[in-house]
There are 2 protein chains.
Amino acid sequence: MLTRIDHIGIACFDLDKTVEFYRATYGFEVFHSEINEEQGVREAMLKINETSDGGASYLQLLEPTREDSAVGKWLAKNGEGVHHIAFGTADVDGDAADIREKGVRVLYDEPRTGSMGSRITFLHPKDCHGVLTELVTSNPEH
Amino acid sequence: MLTRIDHIGIACFDLDKTVEFYRATYGFEVFHSEINEEQGVREAMLKINETSDGGASYLQLLEPTREDSAVGKWLAKNGEGVHHIAFGTADVDGDAADIREKGVRVLYDEPRTGSMGSRITFLHPKDCHGVLTELVTSNPEH
């Protein structure tokens, strides 16, 4: 069951400048940053609020580390903006299986590693009214 | 001060079909629906979680009521997808004034009426790294 908006993924050309925009304009601070080589992104997580399921909602700022990554190709086509939205669940495997049975394409056979050691998968935007949608189970150590 | 992700605004061609997609796929239910003539949209709010500032996070599904509305023009250009993101604040007037002083264009001189009697304004996406950004102060009666 999806119990929170986990994050909004925002693609940008320059992570440092975009982090500085969010800090200077709204006072949002970087909670965590990392490079995810598999996804081909350098990212910063800005925690905005905690959520009623014991988790939190973040902005995830994403800069591609290579042009042929999914985010790199998306940016080249669309420019900066909202790349995806993510819902949090305690059971990404079960929810992904349920959703696949309903006929929505799930992009990975098995969940992969997302921010802060989470396990993630994505749903095809064409099956979700144009919205690239991620499912996330947090790593309890974070 | 912005204290939560208030909602993600998603533009769609057919509100009823899109509501049904979110219900059937994820179990999300409509919390509130209304027509906002000023904004030229018919909308449904799906509450996803409550937030640590005493508010909540929603998906806001938006169908234009006329082609020349902002959302109607956006849909004609972009197709369905994430139209804007919104941050909640107790003081939309004060925050909008502060943000305007920092050089970010605020689209309304005074906040207008948003979902559920809230007061809202928007920031120019070109000043926000491509993200149309809304500020919301909820109506305490909702």
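Owing to the predicted nature of the structure, the values given are computational and were not obtained by experimental measurement. Each chain gets a letter, A, B and so on, in the order the sequences are listed, and its residues count up from 1.
- Heavy atoms of other residues, nucleotides or ligands lying less than 6.0 angstrom from CG of A/Asp109 number 12 at most.
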ask   = Stepwise, does the side-chain contact (heavy atoms from CB on, under 4.5 Å) test hold for A/Thr3 with B/Asn49?
value = CA-CA 6 Å; A/Thr3 53; B/Asn49 57 265; over 6 Å; no
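- Hydrophobic clustering (ILVMFWY, side-chain heavy atoms < 4.5 Å, transitive): B/Leu61 and B/Ile35 are in distinct clusters.
- At least one side-chain heavy atom of A/Ile99 sits under 4.5 Å from a side-chain heavy atom of B/Tyr26.
- To the nearest 0.5 Å, the span separating CD1 on B/Ile48 from CZ on A/Arg4 amounts to 12.5 Å.
- Taking chain A as the reference chain and counting heavy-atom pairs below 4.5 Å, the highest number among B/Gly130, B/Ser52, B/Ala11, B/Cys12 is found for B/Ser52.
- Remark: A/Glu20 CD is packed, more than 12 non-hydrogen atoms of other residues, nucleotides or ligands lying under 6.0 Å away.
- Contact count against chain A (heavy-atom pairs under 4.5 Å) is highest for B/Cys128 among B/Ala24, B/Cys128, B/Gly55.
- Residues B/Met1 and A/Leu46 are members of separate hydrophobic clusters, defined by side-chain heavy-atom contacts under 4.5 angstrom among Ile, Leu, Val, Met, Phe, Trp and Tyr.
- Contact annotation for B/Leu132: neither backbone nor side-chain heavy atoms come within less than 4.5 Å of a heavy atom of chain A.
- Residue contact with chain A, scored on non-hydrogen atoms closer than 4.5 Å, involves the backbone of B/Asp127 exclusively.
- With a 4.5 angstrom heavy-atom cutoff, A/Ile10 touches chain B only via side-chain atoms.
- A distance of 9.5 Å separates CD1 in A/Ile8 from NE2 in B/His7, rounded to the nearest 0.5 Å.
- A/Leu59 and A/Leu75 sit in two unconnected hydrophobic clusters of ILVMFWY residues. Membership requires side-chain heavy atoms under 4.5 Å apart, directly or through other members.
- Within a 6.0 Å radius of CD in A/Glu34, more than 12 heavy atoms belonging to other residues, nucleotides or ligands are found.
- Under the 4.5 Å side-chain heavy-atom criterion for Ile, Leu, Val, Met, Phe, Trp and Tyr, B/Phe28 and A/Val104 are members of the same hydrophobic cluster.
- Scanning both residues, B/Lys17 and A/His129, for their nearest heavy atoms gives O-NE2, 4.0 Å.
- Ranked by heavy-atom pairs shorter than 4.5 Å toward chain B, the options A/Leu2, A/Asp14, A/Thr18 are led by A/Thr18.
- Residues of residues 82-90 of chain B having a heavy atom under 4.5 Å from any heavy atom of chain A, listed by number: B/Val82, B/Ile85, B/Phe87.
- Between B/Val131 and A/Tyr22, the closest side-chain pair of non-hydrogen atoms falls below 4.5 Å.
- Counting heavy atoms of neighbouring residues, nucleotides and ligands inside a 6.0 Å radius, atom NZ of A/Lys126 does not exceed 12 of them.
- A/Tyr58 and A/Val41 are not part of a single hydrophobic cluster, where members link through side-chain heavy atoms under 4.5 Å apart.
- Remark: A/Lys102 NZ is packed, more than 12 non-hydrogen atoms of other residues, nucleotides or ligands lying under 6.0 Å away.
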